[in-house]
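Whatever order the structure lists them in is the order used to number ligands and atoms, beginning at 1.
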Amino acid sequence: MQKELEHLRERAKEELKTLTEQADLEKIKIKYLGRKGELAEMMKKFKELAQAERPKIGALLNEVKIDIEKAFHEITKSFKSATVSSANFDVTLPGIKPERGNIHPVLQVQRELEDLFRSMGFKVLDGPEVESEFYNFEALNIPSWHPARESQDTFYVKGGASDNRLLLRTHTSPMQVRALQQYGVPLRAVVPGRVFRYEATDASHEHTFWQMEGLVVDKDISVSHLIATMKELLQGIFYREVEVRLRPGYFPFVEPGFELDIKCFICGGTGCSVCKQRGWVELLPCGLVHPKVLEAGGVDPKEYSGFAFGLGLSRLVMMRYKIDDIRLLLGGDLRFLKQF
Ligand code: DAH
């Protein structure tokens with residue numbers, strides 16, 4: 001009988017382990033613990049035992065009964081907690097909303113400008129941020145001895161040739177020559193992107209900022225095409241009358257070259273840290289493409305001419321949203337970024 005009892009205990013536990021439906025729990029309980037169940041059957045057998053066997057078997061019988069009851073208790077509890085938690089779950093509650101990021105103000109303005117230029121038949125191109133000295137300087141008529149290199153000091157990168165080092169591009173202008181080489185003429189293209197300078201940072205200087213280069217090359221392109229396109233551009237950006245001034249400006253890759261300034265939006269022209277107390281902000285250097293640049297791009301300057309501009313995208317965004325410190329753009333401060 002001892003064996004029988006032990007076997008019974010194992011069977012009951014085994015059966016409970018494989019139980020998945022709560023409804024089956026009651027059936028098994030009756031089978032083992034019920035009035036006519038297996039334990040009750042054992043009880044009957046126990047009573048027929050000889051007196052000498054009783055203490056030992058009686059103790060075991062008790063033990064088995066307690067074990068089986070305990071196992072039932074345990075499994076009943078686990079079923080209960082499962083039902084309680086699903087009963088407490090309100091399926092109509094709104095879910096936890098994943099946090100949604102938003103688009104960086106620079107990218108927002110960049111996309112708007114891309115649309116504007118696409119509507120005027122421009123290609124939107126992307127260029128390498130690690131550029132060669134050739135495209136960044138040489139091809140743009142800035143040889144190594146040229147003083148213009150000093151104002152565009154940058155970070156040099158390992159690799160490249162000793163006479164054509166690799167660097168972080170200082171402007172988007174290298175794409176003028178790359179685009180001409182790749183697509184030929186006639187060409188209308190804009191190139192938005194990040195550029196880098198070895199700068200001491202302050203409210204209006206960063207080591208990394210955004211520009212958008214523009215290039216149009218075709219037959220008989222003149223300054224009037226340039227001015228008309230710039231006007232269209234500024235109206236598209238500011239949706240209002242913007243006070244501008246055009247000054248002669250020197251860039252080795254344009255001839256003639258201009259500086260287009262806009263009246264400072266931050267201070268309204270009275271002078272602040274962004275406009276360096278000048279009341280005007282340099283926004284759009286531009287000019288007619290230098291013949292040497294056309295030649296570097298494989299284009300005959302006697303047949304074709306063009307204009308180019310280098311829009312200061314970071315500055316433009318600052319004017320548009322009245323941001324008074326350029327360092328906020330790359331600062332990664334969510335309190336700032338969430339406002340856009
Ligand atoms: N690449 C120049 C800079 O970053 C800006 C520039 C000036 C671009 C004149 C042009 C241009 O396309 O025509 O300082």
With heavy-atom distances below 4.0 Å as the criterion, list the atoms of ligand 1 near Phe251.
7 (C), 9 (C)
Going by the atom numbers of ligand 1, which of them fall below 4.0 Å from some non-hydrogen atom of Val254?
13 (O)
Touching ligand 1 at all, Glu255? Heavy atoms, strictly under 4.0 Å?
no
Hey, which atoms in ligand 1 end up nearer than 4.0 Å to a heavy atom of Ala308?
12 (O), 13 (O)
In this structure, is the centre-to-centre distance between the rings of Phe253 and His171 below 6.0 Å?
yes
So is Gly257 close enough to ligand 1, meaning a heavy atom under 4.0 angstrom away?
no
With Leu316, which of Leu284, Ile262, Leu283, Leu233 fulfils side chain to side chain contact (heavy atoms under 4.5 Å, CB included)?
Leu283
Side chains of Asn136 and Thr170: any donor to acceptor distance under 3.5 Å?
yes
Hey, is Glu303 close enough to Lys219 for a salt bridge, meaning N to O under 4.0 Å?
yes
Quick one: does Phe307 get a heavy atom under 4.0 Å from ligand 1?
no
Under 4.0 Å from any heavy atom of Gln152, which atoms of ligand 1 are there?
3 (C), 4 (O), 14 (O)
Would you call Lys45-Glu4 a salt bridge at under 4.0 Å N-O?
yes
